[in-house]
There are 2 protein chains.
Amino acid sequence: MLNDRKRKILQIIIEDYIETAEPVGSRTIARKHNLGLSPATIRNEMSDLELLGYLEQPHTSAGRVPSAQAYRLYVDSMVDSMKEEPGVLTENDMALINSWYKERIRNMDDIFKSTAKILSRMTQNVSLVLANKKSTARFKYLKFLPLSDTQAIMCIVTDDGAMDNGLIDIPAGMSGSELDYLSGKMSNLLKGRRLTEINGDLLQEVYSAVSEDEVMLASLKKAISNIAAKNSEQKVFLGGAKQLLNQPEFQDVGRVKNLLGILEEEKVVKDILNAGDDSGLKVTIGSENKFTGIKDCSMVQATYRLNGQIVGTMAVLGPTRMEYRKVIAVMNYLHKYLETILKDPK
Amino acid sequence: MLNDRKRKILQIIIEDYIETAEPVGSRTIARKHNLGLSPATIRNEMSDLELLGYLEQPHTSAGRVPSAQAYRLYVDSMVDSMKEEPGVLTENDMALINSWYKERIRNMDDIFKSTAKILSRMTQNVSLVLANKKSTARFKYLKFLPLSDTQAIMCIVTDDGAMDNGLIDIPAGMSGSELDYLSGKMSNLLKGRRLTEINGDLLQEVYSAVSEDEVMLASLKKAISNIAAKNSEQKVFLGGAKQLLNQPEFQDVGRVKNLLGILEEEKVVKDILNAGDDSGLKVTIGSENKFTGIKDCSMVQATYRLNGQIVGTMAVLGPTRMEYRKVIAVMNYLHKYLETILKDPK
DNA sequence: TGTTAGCACTCTGCACACATGAGTGCTAAC
DNA sequence: GTTAGCACTCATGTGTGCAGAGTGCTAACA
């Protein structure tokens, strides 16, 4: 539908606008790029492109600005072409990323934190990183570690090698070996269950098979439901609200406030990130966004997996006039990097 | 040095300016407050106050604005008077605070999170909350929970009733009872130590008294240093960057960027909060702040303790034109509230 | 001696007119 | 199909004038 020349001109306009944030005029194009065309010809083409819905004019005597539809075309064809020759990151960029990751990684949270930081620094936009908690882990065994005469710590080990714990009340004077007997019995009965399955009823059943202390049962219930809640909780990491203020579209305080308001509501951020838990890379442009408040923004989002399981989602949120090429390249790189780290988190 | 009338006028100017963010003129004062004085008289007094350094004039024909020195006087005398009749929070405010705290408290982190949120909502400024980690806890005992043929989880129980854990490598084929023997021995030798004391050398000594497996020793060292690091780490919770944008002094994007930049650097925030680990309430006005970047802001800060130990620090950061009275009242209330909760976190 | 009315002066903010420049759309010629 | 030329539009920047708020000073008053 678009001939090569229109395509070329559209691309030039998009990239120029992404760079300068100023409406692009026909003269500018003719001057900057050696197309062998006069401004008048380019004007005619631009007029066509506007009619086709790819360009918009802020006012009569301004240059033109790409529409959401134009970005869509641009991104789609870019994603296609990137399948063949993916990376456009400079050596420098990659070195920077590597060094940032090496900086201070002690646990999973640090990995996500670093990812958020890197994403925002490299793309000059807000980054959102969502860490899914493993809710599919299965119960392996539990153990009580005595603390005092009336309290103990319950440790639950799951088959993914992780451990959770909670404080529980025990009958006064219960001995260590009694506790061990109890935990052994309970472990046998609960083995293989998902943590979320271990609700009040099941626990009641299992527990009453081995003991009958009401106080301890109650605190067990509470501790386990706490652990289950913690495990099914998603965590959000944000980065780079500051960078946003460098973008000309966010010189208006009202707009900044709007976006900051959204980012401060953890629940909203989670919803946004969970909405696109597609596989692979997803670019949402302007009003394609379902959430009010970011309808004038674009978002590039990617989920990453480990053994087929979604571990998390990362996204870059910014004005529709976003450096899509760079953002996508960074995302692709981080994606690979993360999957390597996650496989072998030494 | 200031007679009563000057004092009174100064107070009126400060409070009016805090409310309106506009320079205050002599006519306004005469109209709003029934002082029995004409604008001209007030003008004379204001002229004196300016000479004394309490007032400043943005330009010749504007009203006057309180200087840092004026705020200092205002805050000091207010803190004094609040010792007698402390609270000025409305019933409504208190109810709001209570309900926010009840909302979703499952662990310590939630308490700090809520505090940050409440502080910023109630004061319309940025809130910073620093949670000190208990680095003074003493080792009680440790226990190994087997995971696989070559791995186990090490659980360390401390005398404050908390537990930490880490993954360690064990010699292939080591039995559960061998692990128990090891942990029992080690527990006896390490009992009563601070976690930070348990460094590589001490551990080497203790461990070689009970076993000689190099791999396990290495992973033990690593796990314990991780735990010690985590325990001595301070955590920061922020709230209400959005509220800031409601303040007229932050309509300028440059200033917002400046402050956001600071808030995004966790290390800087920690430094700021740690700098004032005085006891009790501390108000820092404008250039009294030692940190560049917040020299045009004021900060109200309070540390809270549990059994004499500093548990954390909370602060409100905003323009020098801050509602000191309200901020201080909220802080006082939260202070009491928190110390109650912390004493008995049911 | 303290207080006040009056007045000239200063500065900001706003509205308005005007020129400038960038950009377009259209037409006619190549 | 391409291009030069021209009239037209609109945003932006600048200068002017005016109203309003506020001050400082002086002289009169109690």
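Source: prediction; values computed, not measured. The chains referred to below are lettered A, B, ... by the order of the sequence lines, with proteins before strands, and numbering in each begins at 1.
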### Task
Kindly state each residue pair satisfying side chain to side chain donor-acceptor pair (under 3.5 Å) with at least one member in residues 25-40 of chain A, sequence neighbours excluded.
A:D16-A:K32, A:S26-A:R43, A:S38-A:T41
## Note on the structure
For A:E288, the salt bridge (Lys or Arg N to Asp or Glu O under 4.0 Å) test, sequence neighbours excluded, returns A:R72
### Query
By salt bridge (Lys or Arg N to Asp or Glu O under 4.0 Å), which residues pair with B:R7, not counting sequence neighbours?
none
### Query
Where along residues 16-39 of chain A does a heavy atom fall under 4.0 Å from DNA chain D?
A:G36, A:L37, A:S38
### Length of the CD1-P vector between A:I9 and D:dG1, whole Å
15 Å
### Query
How does DNA chain C look in dot-bracket form if you count Watson-Crick and G-U pairs under 3.5 Å, write [ ] for pairs that cross, and put | where a base pairs with another strand?
||||||||||||||||||||||||||||||
### Summary
In whole angstroms, the gap separating P of D:dG1 from CD1 of A:I42 amounts to 17 Å
### Query
In whole angstroms, how far is the P atom of C:dG25 from the CG atom of A:L49?
12 Å
### Query
Under a 4.0 Å heavy-atom cut-off, which of residues 51-70 of chain A touch DNA chain D?
A:H59, A:T60, A:S61
### Task
Round to the nearest Å and state the distance from B:M46 atom CE to D:dC25 atom C1'.
16 Å
### Query
Looking just at side-chain N and O atoms, do B:N125 and B:Q247 make a donor-acceptor pair shorter than 3.5 Å?
yes
### Message
On a heavy-atom basis, which atom in B:L35 and which in B:I9 lie closest, and how many Å separate them?
### Response
CD1-CG1, 4.3 Å
### Query
Of the nucleotides D:dT3, C:dT4, C:dG25, which has the atom closest to the A:N44 side chain?
D:dT3
### Query
Parallel under 30°, tilted from 30 to 60°, perpendicular over 60°: which one fits the rings of A:Y71 and A:Y324?
tilted
### Message
Side-chain N or O of B:R43 versus OP1/OP2 of C:dA5: is the shortest distance under 4.0 Å?
### Response
no
### Task
Can you tell me the distance, in whole Å, between the CG atom of B:N3 and the C1' atom of C:dT3?
15 Å
### Task
Could you note down all residue pairs passing side chain to side chain donor-acceptor pair (under 3.5 Å) where residues 249-263 of chain A supplies at least one of them, sequence neighbours left out?
A:E249-A:R321, A:R255-A:D296, A:K257-B:N246
Shorter than 3.5 Å, N or O on both sides, protein versus nucleotides 27-30 of chain D: list them out with atom names.
none

### Task
Please state how far atom CD in B:E50 lies from atom C1' in D:dT23, giving the value in whole angstrom units.
10 Å
### Query
Does the A:Q301 side chain pair with the main chain of A:L273, one donor and one acceptor, at a distance under 3.5 Å?
yes
### Message
Taking side chain to side chain contact (heavy atoms under 4.5 Å, CB included) as the definition, give me every residue that meets it alongside A:E19, ordered by chain and number, with sequence neighbours left out.
### Response
none
### salt bridge (Lys or Arg N to Asp or Glu O under 4.0 Å) involving B:E45 - partner list, sequence neighbours excluded
B:R5, B:K6
Under 3.5 Å, which donor-acceptor pairs link side chains of residues 58-68 of chain A to any protein atom two or more places apart or in another chain?
from	atom 1	to	atom 2	distance (Å)
A:R64	NE	A:E50	OE1	2.8
A:R64	NH2	A:E50	OE1	2.7
A:S67	OG	A:G53	O	2.7
A:S67	OG	A:Y54	O	3.2
A:S67	OG	A:Q69	N	3.3
A:S67	OG	A:A70	N	3.2

#### Entry: Whether A:E264 side chain and B:A241 backbone form a donor-acceptor pair below 3.5 Å
yes
### Query
How would you list, by chain and number, every residue that makes a side chain to side chain contact (heavy atoms under 4.5 Å, CB included) with A:T90, sequence neighbours excluded?
A:N92, A:D93
